[in-house]
Undergrad: 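Before I ask anything, let me first share the structure, which is written out below as structure tokens.
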Amino acid sequence: MRNNLSDKEALLSKYLDKPTLISWIEERLQRDGRLGINIGIEEGSLLQTFCSPPDVKKVVEIGTQYGCSASWMARGLRQRGVIFTFEKDPQCIEESAKTFNHPDFLQLGCQIKSYHGDAKENLPKIEEEGLFDLIFIDANKSAYLDYLNWAQKNIRQGGMILVDNIYLFGTVFLDECPEKTPRKMWNTMKQTIKEAFEHPEFSTGIIPTGEGLMVSCKL
């Protein structure tokens, strides 16, 4: 999720052509007044890169939205990959299905297994498919710690957990929760960062994208 096109994204767009599939997704997001909830070209190119190594085959995405981030990851995974993706919002479920059935997505050859409803309830359904190679978290911010704890138990050694929007619009740097920020969300995000960096089985860092992308690798 992002706020506005950053200077870094503007620079990157000079060197990386935005895929037509991504442009089509963004047109629909703009039509529905949702443009900005999707990741941008900066985060998208990172996701594609993280999914490109040949040993990355099984990916979990918590938060499907319109299928933007899944489309970037599918570009890295191609025919060898499968994405287990979770979404609760009915409109996002409908629109992501359109994305996953688009010819440009289908030709990538990446499998999609979609789960609809509360992710905390549905994630246990795929545990027998694990361990997983990469887990991307970009959903309900108040549940980030729950998602992270699940991911830490279900990622393989050498696998990566990616957590988007870790800056929470810059509020995680503050000592007190801003008035307009939900306190539970603010506390959860700070605790998520603390848990990730202090966990002895993970090496963690943050890529300073517009909203911060936390990366944890299982040792």
Side-chain angles (χ1 to χ4, degrees), residues 1-10 12 25-26 29-30 32-47 49-50 59-70 72-73 85-89 91-92 96 118-123 134-155 160-199 202-218:
M1 177 178 170
R2 61 196 176 120
N3 291 323
N4 298 303
L5 184 66
S6 67
D7 291 339
K8 290 181 289 183
E9 285 184 316
L12 186 58
I25 294 169
E26 291 183 348
L29 286 164
Q30 186 170 31
D32 297 337
R34 291 179 175 239
L35 187 63
I37 68 169
N38 58 299
I39 62 169
I41 193 171
E42 181 184 18
E43 296 92 345
S45 60
L46 286 171
L47 290 181
T49 300
F50 283 131
V59 170
V60 177
E61 176 190 57
I62 306 174
T64 315
Q65 299 173 340
Y66 279 31
C68 185
S69 52
W72 280 107
M73 292 190 288
T85 187
F86 295 79
E87 181 57 57
K88 184 177 181 179
D89 184 288
Q91 184 174 4
C92 290
S96 62
D118 187 89
K120 289 190 290 184
E121 296 177 4
N122 284 326
L123 282 167
L134 185 145
I135 299 172
F136 177 55
I137 301 171
D138 185 14
N140 175 18
K141 307 300 178 271
S142 296
Y144 261 31
L145 188 57
D146 295 316
Y147 300 149
L148 177 67
N149 290 337
W150 182 89
Q152 288 172 336
K153 296 173 183 175
N154 290 279
I155 196 78
M160 288 186 293
I161 303 169
L162 310 179
V163 186
D164 199 20
N165 303 116
I166 205 68
Y167 293 161
L168 196 62
F169 311 107
T171 63
V172 296
F173 303 112
L174 304 177
D175 294 329
E176 296 294 334
C177 179
E179 182 178 342
K180 294 184 179 181
T181 300
R183 180 167 293 277
K184 179 182 178 182
M185 183 185 298
W186 185 74
N187 286 332
T188 296
M189 195 66 78
K190 291 173 80 73
Q191 187 60 37
T192 298
I193 298 171
K194 178 179 173 64
E195 167 67 24
F197 274 92
E198 292 184 353
H199 200 297
F202 288 84
S203 178
T204 299
I206 294 178
I207 299 174
T209 59
E211 274 299 304
L213 181 67
M214 187 168 71
V215 182
S216 290
C217 180
K218 187 166 185 180

Undergrad: Side chain to side chain donor-acceptor pair (under 3.5 Å) with T85: which residues, sequence neighbours excluded?
TA: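 In terms of side chain to side chain donor-acceptor pair (under 3.5 Å), with neighbours along the sequence ignored, T85 is linked to E61, T64.
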Undergrad: What heavy-atom pair brings K190 and L174 nearest, and what distance separates the two atoms?
TA: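 It is NZ-O, 3.3 Å.
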Undergrad: Taking only residues two or more places apart in sequence, or in another chain, which ones meet N140 in a side-chain contact (heavy atoms from CB on, under 4.5 Å)?
TA: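 side-chain contact (heavy atoms from CB on, under 4.5 Å) check on N140 returns S142, A143, Y147.
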Undergrad: Would you confirm whether S96, through its side chain, and C92, through its main-chain N or O, come within 3.5 Å as a donor-acceptor pair?
TA: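 Checked: pair present.
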Undergrad: State, with a plain yes or no, whether a side-chain heavy atom of I39 is found less than 4.5 Å away from one of F136.
TA: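 I39 vs F136: side chains touch.
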Undergrad: For a 4.5 angstrom cut-off between non-hydrogen side-chain atoms, does W72 reach I41?
TA: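 Side chain of W72 against side chain of I41, heavy atoms only: contact under 4.5 Å found.
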Undergrad: Going by the rule side-chain contact (heavy atoms from CB on, under 4.5 Å), which residues pair with K88 if we only count those two or more places apart in sequence or in a different chain?
TA: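 So K88 forms a side-chain contact (heavy atoms from CB on, under 4.5 Å) with D118.
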Undergrad: Who are the ring-ring contact (aromatic ring centres under 6.0 Å, His included) partners of F50, not counting sequence neighbours?
TA: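 Testing F50 for ring-ring contact (aromatic ring centres under 6.0 Å, His included), a comparison that skips the adjacent residues, returns none.
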Undergrad: Hey, what do you get for CG (N38) to OH (Y66), rounding to the nearest 0.5 Å?
TA: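 So the CG of N38 and the OH of Y66 are separated by 10.5 Å.
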Undergrad: Taking only residues two or more places apart in sequence, or in another chain, which ones meet W186 in a side chain to side chain donor-acceptor pair (under 3.5 Å)?
TA: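 W186: no side chain to side chain donor-acceptor pair (under 3.5 Å) contacts found.
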Undergrad: My understanding is that only residues two or more places apart in sequence, or in another chain, count here; which of them pass side chain to side chain donor-acceptor pair (under 3.5 Å) with T204?
TA: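 If we apply the side chain to side chain donor-acceptor pair (under 3.5 Å) test to T204, skipping adjacent residues, the hits are S216.
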Undergrad: Please check this pair: side chain of E87 against backbone of Q65, looking for a donor-acceptor N/O pair closer than 3.5 Å.
TA: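 Present.
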Undergrad: Going by side-chain contact (heavy atoms from CB on, under 4.5 Å), name the residues that satisfy it together with N149, two or more places apart in sequence or in a different chain.
TA: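 For N149, the residues satisfying side-chain contact (heavy atoms from CB on, under 4.5 Å) (neighbours in sequence not counted) are L145, Q152, E195.
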Undergrad: At their closest point, which heavy atom of G63 faces which heavy atom of A139, and how far apart are they?
TA: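 Of all heavy-atom pairs spanning G63 and A139, the closest is CA-CB, 3.9 Å.
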Undergrad: Taking all heavy atoms of T188 and all of Y144, pick out the closest pair and write down the distance.
TA: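 Closest approach of T188 to Y144: CG2-N, 3.9 Å.
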Undergrad: Taking ring-ring contact (aromatic ring centres under 6.0 Å, His included) as the test, write out the residues that go with F86, two or more places apart.
TA: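 F86 satisfies ring-ring contact (aromatic ring centres under 6.0 Å, His included) with Y115 only.
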Undergrad: Can you list the residues that meet the side chain to side chain donor-acceptor pair (under 3.5 Å) rule with E198, with sequence neighbours excluded?
TA: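 Partners of E198 under the side chain to side chain donor-acceptor pair (under 3.5 Å) test: K194.
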Undergrad: Going by the rule salt bridge (charged side-chain N to carboxylate O under 4.0 Å, His left out), which residues pair with E176 if we only count those two or more places apart in sequence or in a different chain?
TA: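 E176 satisfies salt bridge (charged side-chain N to carboxylate O under 4.0 Å, His left out) with no other residue.
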Undergrad: Going by the rule salt bridge (charged side-chain N to carboxylate O under 4.0 Å, His left out), which residues pair with K184 if we only count those two or more places apart in sequence or in a different chain?
TA: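 Per chain and number, K184 pairs via salt bridge (charged side-chain N to carboxylate O under 4.0 Å, His left out) with no residue.
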